[in-house]
Engineer: 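Would you mind keeping the following structure in view while I ask a few things?
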Number of protein chains: 2
Amino acid sequence: MITSRKNRKQELEQKAASLFRERGYTATSMRDLAQHLGIEAASLYSHIKSKEELLHKTCFDLAESLFQSLDALNTLDLTASDMLKRALKNHLEIISADSDRAMVFLHEYRHLSEPGRTLFLKMRKDYEQRFMLIIRSGIRNGEFRKVDEKITTLALLSAVNSTPVWLKKGKDMQPGALADLLSDILINGISSAVLERT
Amino acid sequence: MITSRKNRKQELEQKAASLFRERGYTATSMRDLAQHLGIEAASLYSHIKSKEELLHKTCFDLAESLFQSLDALNTLDLTASDMLKRALKNHLEIISADSDRAMVFLHEYRHLSEPGRTLFLKMRKDYEQRFMLIIRSGIRNGEFRKVDEKITTLALLSAVNSTPVWLKKGKDMQPGALADLLSDILINGISSAVLERT
DNA sequence: CCTACCGATCGGTAGG
DNA sequence: CCTACCGATCGGTAGG
């Protein structure tokens, strides 16, 4: 049956992401993966071509999701501040929805062989650039102070991308609420002082 | 000669950190490492007991440096804001001074075998806790708003710890200046608006 | 620091 | 999805 084949392959990809996240891509053997699925290692190859195919698919599927959610915001006419909040919320929702895949995307991509690895890094840079442009527009229209665009962007994304590490599954807060909280800290800071600003 | 032996071992540790950072611990073979040093793989074992010893030493040496720099601040009587800035600056200086080791400390520790891994995680948690207490004291004495202590701490440390990834060696800015910049963004935010705060 | 070598494990294939 | 198997490579040791 077509559906059962699809489900089996999805199950395989999900379990692979889980193991790649937990032990790292290199330290996960195809025998580990097969054992977790209750089959022999050789049987994996009736579903996939290679171990790297699993890594490749995870990395590029997630990249596509992130770009699509960002594209969807382009039609909206928002302030830089609101745009940043929305982009952040989308980003956080995507990486929270499947944190195993997100962690593989974030940390295991470097085991991609060429030319995949270079392409991946190019896409990631483009994505960061899109965030940077939001911050830049906010600085230009006066919403934001003249902070360093690059450093602010990368610091922000790093903080957001680390949430799967310290956010317990199910517990803690919803991605939307967490995005609001992180946006608030970034935009307003943690100081209670009322400052004179330009 | 004692000194040349010491130098050789340090060279070995340095090169190992560099390779572990670049390819990951698991994907780095002892033959890779030996080749970069111009010797045979078997010869490595006259300097070290095992591959993991290299990982272990890197992780725990760096942890000790971080704790020591934090302890040195305890004798000072500072506001929470200044304490946070100082702690951040020390942290950033340590991880910037040897970014290869820092990246191994940050991302490869999970390949430590037990009980090392558990001990390491306990130390890291203690360290994060120390930062959290600084933020908490700032909230209690009114310097900071009532932000979520845990999330603020982890977001901050994640941002800081990601700097070796995007900070080009030699180029860009000094760790001290970068620490000031990140502290400023965290404490004051990026908004240009003058807000009423409590 | 070297040569010679070990058992274990790796990703993957052949053929059913 | 299985049995049977392959060449390559792994961390590490013996003995010098």
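Numbered from 1 within each chain, the chains take letters A, B, ... in sequence-line order.
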Engineer: Are F120(A) and I94(A) in one and the same hydrophobic cluster, where Ile, Leu, Val, Met, Phe, Trp and Tyr link if side-chain heavy atoms are under 4.5 Å apart?
Structural biologist: yes
Engineer: Can you tell me if S46(A) touches the phosphate of dC1(D), counting only side-chain N or O atoms and a distance under 4.0 Å to OP1 or OP2?
Structural biologist: no
Engineer: Can you measure D32(B) atom CG to dG12(D) atom C1' for me and round it to whole angstrom units?
Structural biologist: 16 Å
Engineer: Where the side chain of K51(B) is defined as all heavy atoms beyond and including C-beta, which of dG11(D), dC1(D), dA14(C) is the nearest nucleotide?
Structural biologist: dG11(D)
Engineer: Is T26(B) touching bases, backbone alone, or none of the nucleic acid, heavy atoms closer than 4.0 Å?
Structural biologist: nothing
Engineer: Please give, in whole Å, the distance from dG11(D) P to Y45(B) OH?
Structural biologist: 6 Å
Engineer: Can you find a side chain N or O atom of R8(B) that sits less than 4.0 Å from OP1 or OP2 on dC1(C)?
Structural biologist: yes
Engineer: For a quick test of reading the model, state the closest non-hydrogen atom pair linking A87(B) to L70(B) and the distance between them.
Structural biologist: CB-CD1, 3.8 Å
Engineer: In this structure, how many angstroms lie between the P atom of dT13(C) and the CD atom of E40(A), rounded?
Structural biologist: 17 Å
Engineer: To the nearest angstrom, how far is Q35(A) atom CD from dC2(D) atom P?
Structural biologist: 12 Å
Engineer: Please check if any side-chain donor atom of T26(B) sits under 3.5 Å from a side-chain acceptor atom of H111(B), or the reverse.
Structural biologist: yes
Engineer: OP1, OP2 of dT9(D) versus side-chain N and O of S29(B): anything below 4.0 Å?
Structural biologist: no
Engineer: Is it true that the side chains of Q10(A) and Q14(A) contain a donor and an acceptor less than 3.5 Å apart?
Structural biologist: no
Engineer: Is it true that L88(A) and L133(A) fall in one hydrophobic cluster, defined by side-chain heavy atoms closer than 4.5 Å?
Structural biologist: no
Engineer: So that I can compare with my own list, what are the stems of DNA chain D, taken as at least three consecutive Watson-Crick or G-U pairs with distances under 3.5 Å?
Structural biologist: C:1-16 with D:1-16
Engineer: Round to a whole Å and report the spacing from CZ of R31(B) to C1' of dA4(C).
Structural biologist: 12 Å
Engineer: Quick check against the 3.5 Å criterion: does K51(A) have a side-chain atom that pairs as donor or acceptor with the backbone of T28(A)?
Structural biologist: yes
Engineer: Between K49(A) and A27(A), which residue's closest nucleotide on DNA chain C lies nearer the 5′ terminus?
Structural biologist: A27(A)
Engineer: Do the side chains of E22(B) and R110(A) get close enough for a salt bridge, i.e. N-O under 4.0 angstrom?
Structural biologist: no
Engineer: Specify the separation, in whole Å, of atom NE2 of H47(B) and atom P of dG11(D).
Structural biologist: 18 Å
Engineer: dT13(C) P sits how many Å from L44(A) CG, rounded?
Structural biologist: 12 Å
Engineer: Find the distance L33(B):CG to dT9(D):P and express it as a whole number of Å.
Structural biologist: 18 Å
